[in-house]
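Below, chains carry the letters A, B, ... as their sequence lines are ordered, and counting in each starts from 1. These numbers come from the heavy atoms of this one structure, side chains and all, not from hydrogens, waters or symmetry mates.
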Amino acid sequence: MKALVYVGLKPGVLDPQGRTISRSLNDLGFDEVTGAFQGKVIELNLKNSDEPREAIQARVEQMCEKLLANTVIENYRIELKD
Amino acid sequence: MKALVYVGLKPGVLDPQGRTISRSLNDLGFDEVTGAFQGKVIELNLKNSDEPREAIQARVEQMCEKLLANTVIENYRIELKD
Amino acid sequence: MAKKTLTAKKTSEITPEIVAEHGLSADEYQIILDRLGREPNINELGIFSVMWSEHCSYKSSRRHLAKFLTEGKRVIQGPGENAGVIDIDDGDAIIFKMESHNHPSYIEPYQGAATGVGGIMRDVFTMGARPIALMNALRFGEPGHWKTKQLVNGVVAGIGGYGNCVGVPTVGGETNFHKGYNGNILVNAMCVGLARTDNVFYSAAKGVGNPIFYVGSKTGRDGIHGATMASAEFDDDSDEKRPTVQVGDPFTEKLLIEACLELMATDAIIAIQDMGAAGLTSSSIEMADKGGVGIALDLDKVPQREEGMTPYEMMLSESQERMLMVIKPGKEQLAFDVFEKWELDVAQIGKTTDTGRLVLKHKDKKVCDIPIAPLADDAPNYDRPHVETSKRKVIKAADVYETQDYNDALIKIITSPNIASKRWIWEQYDRHVMTDTVDSSQSGGDAAIVRIHGSNKAVAITTDCTPRYVEADPYEGGKQVVAETWRNLTCVGAEPIAITDCLNFGNPERPEIMGQFVGAIKGMNEACRAFDYPVVSGNVSLYNETNGQAIPPTPAVGGVGLISNLNHFATLKGAKDGDTLILIGETTGWLGASIYLSEIQSREDGAPPPVDLAAEKRNGDYVRTLIRNRRVHAVHDCSDGGLAITACEMAFASDIGVHLSGATSGPTHGWLFGEDQGRYLLAVEKHSVNPIMSTAQGKGITAHIVGTVGGGRIKADGAFDVSLQGLRERHEAWLPDLMSSTDEKAAE
Amino acid sequence: MKTAVIRFPASNCDRDAAVALETVTGRPTQIIWHRDTSLPDDIDFVVIPGGFSYGDYLRSGAIAARSPIVKDIIRRAEKGLPVAGFCNGFQILTEAGLLPGALMRNKNLKFVCRPEKLIVQTNNSRFTSKYAAKSEVIYPVAHHDGNYFADDATLNRIEKNGQVLFRYANNPNGSLRDIAGIVNEAGNVFGMMPHPERATDPVHGGTDGLDFFKSIIESI
Ligand SMILES: Nc1ncnc2c1ncn2[C@@H]1O[C@H](COP(=O)(O)OP(=O)(O)O)[C@@H](O)[C@H]1O
Ligand SMILES: [Mg+2]
C-alpha cells in the first residue's frame, strides 16, 4: 500500500519560489504561464495491513502533523493507493 | 487551465531526503513505513487558450525539459486540469 | 475572493472588547479619545495599538534605558536610530545592532530565526552600511526536553538558510541550554555593517511634498498583530486562519541590499527606514515624527500580494524585505530605475506634508487621519513597580563537595551542554564568504575578527551573557555581561568601543521581574561607564514567560572593538610547545553559581562571582598592551568552567597539550573550576615570562605562572591527566550525539 | 589578460572571485551583469562565482543556467574560452550542460562550511598545472547542494579521461567517488564545490588556492 502526501504552502504565505519559477518560464518564452506554486509530494510505502482504510488514513495524518508538514505555514492532503 | 508537473528522482539516484523521512517516521513509532520518496509538484497557472490539449501538453513538456526538471537525475509527469 | 472588508460604519463601533483585544488599557484608550476628540476608527485604533505596544513604545523599559551611557569619543550615533554607528578611523564607520526574534522562533523555528536575521540586517543596511558579519545568541531548553532538538534544528537551519544565502558570514555567537528556556527559547541575532562616516543614512523625513517610496516585497497578510482580533471578523472562510508567521525570502533581501546601496551611492535619498515590526505603520510614523512632518499615503498604491487587503491589514502587516524612503524631488526616475534593475517591487505611495498628521487614503476614502506627535509623545511610559532581587549567600569553596575523581569531573564538565563544542551549529553557517574573516567560531575563540575590506585593520565582535549569574544577582550579573564582552574583545587585542544589547526578560508587570531588569541595567551601566564603553543600540524583549514561569533574565550583549593593525592581534590558537602559561587576575576559587556546582553537584545556588571593575580594567589594559607588543602567543579569558576549561579550550585550538601546576592556596576544585572574574590565560615564550611578571607586579596586577604548554595530554597536578585527543573527541561529540536522532529530519 | 566574473541576482562570492583574480593577474577584473547578452570579445577567462543565484529556487543554479549571459558563455566555451565555476558556479555549469552530472542535496541534508582537504588528481590540466600530482590542498567548502552525482557510465568515462581534477580526502557531502572538481572533455571548462578563492590570502588561513588561479592564468 502507498500513501501520497501533498504538502503545499497555505494560501497567503509568501511563495518566492513559485514567483521565481513563473518569471523564469516567462523569460524563456512561455508567456502562457501566469503563476506557479511549488509543493512537495512524499510517497510512502506502507506495510500491508488489515486495518480499515480510515485507520490508515488517520495514521498518515498523524505523520503529517508530526513530521511531514509544517502546519504553521503548510497544508497537506493525503491520497491512499493500493 | 492548470498544469500539474510532478518531478521526482530517477530510480537509482540515491534519495537521502526520502531515506531520512522514512527513518524519522520509524523513529517516531510509525513502523508501517518501509520507504519514502520525496518529489516536487509544480502547479502552473496557464492562460486559457484554444489550442488542442496535445499542443498544451507539448508546451509543458518543453518547460520541463528546459527548466522544471533536471533530466540527469529527475523524471517528470504532467497532468492537465481545467 | 469574497473577503469582507471592514466598513467605516462598523469601525465606529469600537467596543471595550476590541480595545482590550488590541492590548490597550482603558486609560490608554482614554488618551486616544482625548487627543482625537472623537472615537478612532479601526485603522486608527490598530495604529495606536501597535505604536503603543511594548515592542514599539518601550513603555516599561524606556525610563530605565535612558540611564545608559550612550556617548563616547567614537560614537557617531547612539540609540534612537535603526542601529548604532561608531567611528573606526579613516572615514570608516561600523553600524551594528542586536535584536530578538524569540516568540516567532518558538512557533516556527526555521522561519522565525531566518526572519530575525533578515530583520537585523535591514536595520543595518537601512543606515547605509553593507552588512559584513552576523552573530547570534541562542538559548534553548534542556537538551532532553521533547521540543529542544526540533527547535535547535530549525533555528540553526533558519539562521544559516538566511545568512548563507544573502552572503554575509555568520562568524560567531553563543548557545546555552537550560530548563528555564523550555517554554521560551531566545533567538537573538546581531548584524555588523560597514559604511563611510560621510554617507550614513537616517530615518528622519524632511521637507514637504517629497515623494515617499515603497520598495521590496509586496505586502501580504503576514504577522498581522490583530491576531488578537478574531480573524472571523475579517474573512468568511474562517477555517483558513491567516498566517501569523512571517516567511522570509533571503533572495529578495540580497537584491534589496544591493539596490539600496546602489541608490545610496547617489544623492537621491532624504530618509530611509526599514519596515520591521508593525511594518508600514511604525516606519511611516517614525520617519514623520523624527522629521516633524506629516505623511499622506495612498494605500491603493502599496504593492499587494493578495486581493482585497484592508487598510488595517496593510498598515499592520509584517511582510518581510520591505523599505520605506523619502526621495529627493526630481530623483524619482533614478530610484525607479535602480529598483527595477534589481527586479524589486517599487511604488511611490505618498508624500510628506506640513500637517503633522498621518493621513491614509484607500479607494478614494480617507481611512485614517491622526496627529503624529501624540503617537510618540503621549506613548505610555510606565514606572513599573520593582523589587530588588534578594541577595544569595556567598558559598566558600571549602564548603563545596570536592570531587574524588578529577578526570571524571573534567570530562563531565567538558561534555556539559554549555561547555561542549558548538561545531555542529557553526559548521552550518558560512563563515568565510566575503573573504575577510580572520577568525570565527572555528577557533572556539573569544571574539570573531573581520577585516575591513581592502585594509589592514579589523573589527572584533562578540556576544555574551551568563544568565545564571544575572539570575543569582542581576546587578553583579549585569556588570559581568558587559565585562565579559569587553574581556573577549581584549583577548584578541582589540580596543573595545561600544555595545549593543538585547534585554530578554519575563513579564515586567511582576515586580520581581522588573527588579531583575532594573538591577541588570544598573550593573551593565556601571560597567559601561567604568570601561568608557557605551551602548549605541539595542532591543528589549519582555513577557518571555510560559504559564507564569519566566525565563532566566538574559541581557545579551554584543560588543564591538577595533584592531587597528592586523599585525598585532591574538587568538587562543597560538600556544606553542615550551610556552609558559600565565594567569592574569586574582583567583579566590569562587564556586557559587558556577558550572562546577551545577554539573558536579546539581546545585544552582550561591552568589555569583563579583566583578571588580577597576581590576578588570587594569588587567585587560595590560593584556591588550602585551598583545600589541607581541609578547604573547595565545590568549583566552577565564569564563564558564574556570581555569581548567580555559586551558582545555586553548589546548584544543592550539592542538597541543597543557600542564597546569603551581596552584595557589585553597581547595583544588576552586583553583581549577572557580569562576573568578577579570582573568586571562596567556601562553608566552619562556624569555617573556620575567618581563611580563615584573611589569604586572609594578602595575599592581595579580599574575601567576600556572603551567606549561606541550605534549599530548591535559594535566593538572594533583587533579586530572587525560589525553588531549580523547578529551577533544568528547567535547566535539556531545552536540552531534544529541542531534543525531533528529539529524536528518530537517528534510525541509 | 582580461578576466571577468559573472554576477547573477544573489551571487555572493562575485567580489571574492574578483579579488582573487586581481591578486593573481595584477589587473582589474570585469564584473558582468546576468542580463547582458554577450561577453566582451576580448575576455580570456570567465569565473562563475558562488552564491545563491535566484535564491536557488527550483534547483541550485537551474534558473541562472538559463539566463541570457549563460547562453553566450556556452557558445564561447564551445569555442575554447576557459571558464571556471565554484560552488553555485559549478551547479550552474552542470545545469547548463557544460559539465556532466548534477549536484544534489548534501547527504546529511545540512549546509556544511569547513576547510576541506582535497587531493589534486592530476596536474595534466590547465587548472592544476602548478600543483604536484597527488598533492594535498586545503580549500574551504560552504554549500548545501554539493553532493555530486552522475551515472556509472559517466563516472567511468570522466575518470578514464582524467577529467576528475580534485577529490575530497574526507567526503563532506556524499559526492560519488569523492569527486570535488571536474573539467570538461576539452579541458577548458572547470567546476568545483570548494572555494579556491577563499584560500588566496594569509588572512584566510591558507593560500593553497593561489596556484589554481596561477595555473589557468598562465595557460592563456
Ligand atoms: N550559536 C552560535 N553561532 C556561532 N558560533 C557559536 C554559537 N554558539 C557558540 N559558538 C562559538 O563557539 C565558541 C565557544 O562559545 P562560548 O563557549 O560562548 O565562548 P566563550 O564563553 O569562550 O566566549 C565561540 O567561538 C562561539 O563563537
Ligand atoms: Mg569568552
Side-chain angles (χ1 to χ4, degrees), chain A residues 1-9 11 15 17-51 55-70 74-81, chain B residues 1-9 11 15 17-51 53 55-69 74-81:
Chain A
M1 172 141 212
K2 272 188 201 305
L4 290 176
V5 177
Y6 299 88
V7 183
L9 287 177
D15 178 16
Q17 172 128 310
R19 213 187 42 200
T20 306
I21 293 172
S22 135
R23 211 188 280 179
S24 170
L25 285 170
N26 295 155
D27 282 351
L28 289 172
F30 297 106
D31 299 324
E32 67 266 50
V33 179
T34 58
F37 310 88
Q38 182 174 323
K40 291 188 279 207
V41 210
I42 299 156
E43 188 180 318
L44 300 173
N45 287 344
L46 302 177
K47 275 187 204 138
N48 287 332
S49 93
D50 307 331
E51 289 189 61
I56 299 175
Q57 168 95 16
R59 291 276 290 178
V60 179
E61 249 162 52
Q62 275 182 35
M63 297 181 203
C64 290
E65 294 284 334
K66 285 205 178 151
L67 180 76
L68 302 178
N70 175 352
E74 293 173 330
N75 282 332
Y76 59 87
R77 187 165 59 76
I78 298 168
E79 246 173 58
L80 295 183
K81 285 204 168 163
Chain B
M1 171 141 214
K2 273 187 203 305
L4 290 176
V5 176
Y6 298 89
V7 181
L9 289 177
D15 174 15
Q17 244 132 331
R19 267 218 333 229
T20 303
I21 291 173
S22 137
R23 205 183 315 154
S24 305
L25 286 171
N26 294 157
D27 284 352
L28 289 172
F30 297 105
D31 299 323
E32 67 265 50
V33 178
T34 58
F37 308 88
Q38 181 172 322
K40 290 187 268 214
V41 213
I42 299 158
E43 186 181 319
L44 300 173
N45 287 344
L46 301 178
K47 273 187 205 138
N48 288 333
S49 91
D50 307 329
E51 289 188 60
R53 250 184 134 76
I56 299 175
Q57 170 96 16
R59 292 276 290 178
V60 179
E61 251 162 49
Q62 275 182 37
M63 296 181 204
C64 290
E65 292 286 332
K66 286 206 176 153
L67 179 72
L68 300 178
E74 294 172 327
N75 282 332
Y76 60 88
R77 185 166 60 76
I78 297 167
E79 244 173 59
L80 294 183
K81 284 203 168 164

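In plain terms, the two heavy atoms of A:L67 and B:I21 that are nearest each other are CD2-O, 4.1 Å.
Interface summary for chain B: among A:Q62, A:K66, A:M1, the most heavy-atom pairs under 4.5 angstrom belong to A:Q62. Contacts with chain A were tallied for B:N45, B:V5, B:L68; B:N45 has the most, counting heavy-atom pairs under 4.5 Å.
The CD atom of B:E32 lies 9.0 Å from the CG atom of A:L44; values are rounded to the nearest 0.5 Å.
Side chain of B:K40 to main chain of A:Q38: no donor-acceptor pair is present (N/O by atom type, distance under 3.5 Å, no hydrogens or angles).
Interface remark: B:T34 contributes backbone and side-chain atoms alike to the contact with chain A (heavy atom separation under 4.5 Å).
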